[in-house]
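Okay, structure first, notes after.
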Amino acid sequence: MTPQQFKERWDSSDDGDGITFADIAECAADWGVTNCPDILPIDAVRYLVLKAAGVKDAENYRPNTFGTN
């Protein structure tokens, strides 16, 4: 799935159009967000993928471990 396809699916419904954490991990690796999505907390991976895809509510998913900067 491309970042644009991901964005369209994520933004299309309240449940992200059925995008799973496995989909998010795959996108993270495919897009070069991280080459080790399985060793990072999934919340961090989700946030990075949402930012990379440019989804409108990405900041709502920002983990506290990323600080406030």
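All values derive from a computational prediction rather than experimental measurement.
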Okay, side chain of W10, backbone of G54: is any donor-acceptor separation there less than 3.5 Å? no
Donor-acceptor contact below 3.5 Å, side chain D23 vs main chain T20: yes
Would you name the heavy atoms of [X] and [Y] that are closest together and state the gap between them?
| X | Y | result |
| --- | --- | --- |
| Q5 | M1 | OE1-CA, 3.3 Å |
| L50 | A58 | CB-CB, 3.8 Å |
| A28 | P37 | CB-CB, 4.2 Å |

From the list V49, D11, D17, side-chain contact (heavy atoms from CB on, under 4.5 Å) with F6 holds only for V49
Which of these passes side-chain contact (heavy atoms from CB on, under 4.5 Å) with K51: E59, R46, R62? E59
State, with a plain yes or no, whether a side-chain heavy atom of V33 is found less than 4.5 Å away from one of V45. no
Any side-chain heavy-atom pair from T2 and W31 closer than 4.5 angstrom? no
So CG of L40 and OG1 of T34: to nearest 0.5 Å the spacing works out to 4.5 Å
Which value, rounded to the nearest 0.5 Å, describes the distance between D30 atom CG and N35 atom CG? 12.0 Å
